[in-house]
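To start, the structure itself, in structure tokens.
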Amino acid sequence: MHNKTISGFSKLSKSKKIDWIANTYFSNQDNAKTILKQYWNTDEKLQQLHDEFIENTISNYYLPLGVAPNFLVNGKMYAIPMAIEESSVVAAASKAAKFWLDRGGFKTTVISTTKIGQVHFMYKGDTAHLKSYFNTIKPQLLKAVSSITKNMEKRGGGILDIELRDKTADLANYFQLHVSFGTANAMGANFINSCLEQFAKTFKTEALNFKEFTPEEQHIEIVMSILSNYVPDCLVRAEVSCKVEELTESESISAQTFANKFVQAVNIAEIEPYRAVTHNKGIMNGIDAVVLATGNDFRAIEAGVHAYASKSGSYSSLSHAKIENDIFTFWMEIPLALGTVGGLTNLHPLVKLALEMLGKPSAEELMQIVAVAGLAQNFAAVRSLTTTGIQEGHMKMHLMNILNQFEANSEEKITLVNHFKTHAVSHSAVVEALEKLRQ
Ligand code: MEV
């Protein structure tokens, strides 16, 4: 066996795991151990809670939790919690919130909340027989999951439909049970997957008793049962609009010029995938930060959003902008399968706090808040890009990271933050100023 492999790692205690990692992969073992332990929480119960979220936990990985206040959404005020490592994102969100606060705020609507799951299976036989089997078995499929759906139905969710889909034109013998779900305030992954696995079981077993099938046709081969993170029918719209003349940006650019440049920038992102990916990344800066702070699955959200951005066959901007009758409108529709119950939401103390800060929203309300954070972020980024350029603001926010990298003390930080209020920030300029100060 290679000397850096181990069996039974998961069974070791936390400190034994750390010992093994430190001894095997670090030249300075004490230093590695110290860093890992520095991030342990002194509250043992809280630490244990975090240890048990995943497997083989050796420490905690911190991200800053920031707040972007002053968001007016459908007439209601929010301070939005954001967990993110990138400097300038929270500042940009706050700035955009303030800007639109004075111009009527954000308007949002939930368009739909349907989620999808599929049982993927192989069937070799007469498609008419399969269709007949599906129609016969459908009520039994629903009955088979009644113990799982009972609670969800009480909360307003459940199974909306089951379809048989013939995919044999794309892949030989391939069919699906394509199921749509409502999951109320839950993201619903466990609910959906449990239903699907039961459908698969019943669908396979009952086929053995279906008289119209030939003996060969009775053997349905289940490949897998899983929800889809593509949720084009779990959609929310967020919008801002105002008179063009109200878009006064700064003295250096007129409201009309700014509005035109902004729309041009969005038009470019609509037709140019290289730009669209970065444009949408800016939207996701806002979205992921709120998704993470509220204990939702940001990988699921990312996967679904980018798939939606390519729904026309070419990757495109998620947001759109127009000027009509001297009114500037900026909006997007975006798929967001979110939950405010279940998962981490009742477990992680900071997630609970974040949800409370938002007024304990329903899943639909959270969809709207998250979409707003994305649109605000996008507005801030495109506004900077089309006016001052992104680096001015970005480097100002990055200043503290550079100062920390060179271990500036509090006094040096105050002096240099002051100095760079009127000077352009660059890595070398900060180093130079710090060196001068220290002489
Ligand atoms: C940086 O994290 C995000 C931006 O690149 C987004 C954009 O270009 O629109 C500034």
Side-chain angles (χ1 to χ4, degrees), residues 63-68 71 80-100 106 238-240 247 249-250 253 257-293 298-299 301-303 305-306 308-310 314-323 328-334 336 370-402 404-405 424-427:
L63 284 181
L65 178 69
V67 172
F71 273 96
I80 300 188
M82 304 178 86
I84 188 159
E85 87 300 343
E86 184 176 334
S87 51
S88 82
V89 168
V90 178
S94 308
K95 214 171 150 194
K98 200 75 191 295
F99 184 91
W100 286 106
F106 294 80
E239 178 187 305
V240 284
L247 277 177
E249 165 56 23
S250 71
I253 178 168
T257 310
F258 167 62
N260 290 342
K261 281 191 85 172
F262 192 100
V263 172
Q264 278 167 352
V266 176
N267 289 344
I268 289 169
E270 283 168 340
I271 58 102
E272 165 55 53
Y274 276 97
R275 174 56 202 152
V277 171
T278 318
H279 181 93
N280 291 346
K281 189 272 183 185
I283 294 174
M284 299 316 286
N285 276 344
I287 290 194
D288 282 341
V290 193
V291 168
L292 205 51
F298 63 91
R299 288 86 56 211
I301 296 297
E302 283 278 345
V305 165
H306 293 296
Y308 188 76
S310 346
S314 163
Y315 190 94
S316 175
S317 166
L318 290 159
S319 63
H320 309 280
K322 65 177 180 188
I323 303 168
F328 168 84
T329 310
F330 177 48
W331 76 97
M332 69 176 178
E333 284 176 9
I334 187 165
L336 292 172
V370 170
V372 161
L375 193 72
Q377 207 64 45
N378 192 209
F379 178 78
V382 175
R383 181 165 69 152
S384 294
L385 288 168
T386 54
T387 55
T388 58
I390 206 76
Q391 281 311 84
E392 185 185 290
H394 197 80
M395 290 310 284
K396 275 223 155 76
M397 295 300 162
H398 191 55
L399 172 61
M400 202 47 81
N401 288 346
I402 306 174
N404 281 332
Q405 195 185 332
V425 180
S426 71
H427 198 270

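Just so you know, ligand 1 is whichever comes first in the structure, and atom 1 is the first atom listed for that ligand.
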Looking at Lys281, which atoms of ligand 1 are within less than 4.0 Å of one of its heavy atoms? 1 (C), 2 (O)

Measure the shortest side-chain to side-chain distance between Ile287 and Glu302 over non-hydrogen atoms and say whether it is less than 4.5 angstrom. no

With a cutoff of 4.0 Å, is Val382 in contact with ligand 1, counting heavy atoms of the residue only? no

Enumerated ligand 1 atoms positioned under 4.0 Å from heavy atoms of Thr278: 5 (O), 6 (C), 7 (C), 8 (O), 9 (O)

Looking at Gly282, which atoms of ligand 1 are within less than 4.0 Å of one of its heavy atoms? 6 (C)

Across all chains, not counting sequence neighbours, the salt bridge (charged side-chain N to carboxylate O under 4.0 Å, His left out) partners of Lys322 are Glu324

Contacting atoms of ligand 1, where contact means under 4.0 angstrom from a heavy atom of Glu86: 1 (C), 2 (O)

Which of the atoms in ligand 1, numbered in the order shown and given with their element, are less than 4.0 Å from a heavy-atom of Leu385? 7 (C), 8 (O), 9 (O)

Run the ring pair (Phe, Tyr, Trp, His ring centres under 6.0 Å) test against Phe262 and tell me which residues pass, sequence neighbours left out. Phe258, Phe328, Phe330, Phe379

Note: Leu318 and Asn280 closest approach over all heavy atoms is N-OD1, 3.0 Å

Does Arg275 come within less than 4.0 Å of ligand 1, judged by its heavy atoms? yes

Heavy-atom distances under 4.0 Å decide this one: backbone, side chain, both or neither, for Asn285 against ligand 1? side chain

Test item: Asp288 and Leu292 side chains (from C-beta on) under 4.5 Å apart, heavy atoms: no

Can an N or O of His279 be found at a distance shorter than 3.5 Å from an N or O of ligand 1? no

Gln377 side chain vs Val89 backbone, donor-acceptor pair below 3.5 Å: yes

Quick one: does any side-chain atom of Ser316 pair with a main-chain N or O of Glu270 as donor and acceptor, under 3.5 Å? yes

What is the nearest protein non-hydrogen atom to atom 10 (C) of ligand 1, stated with its residue, atom name and distance? Ile390 CD1, 3.7 Å

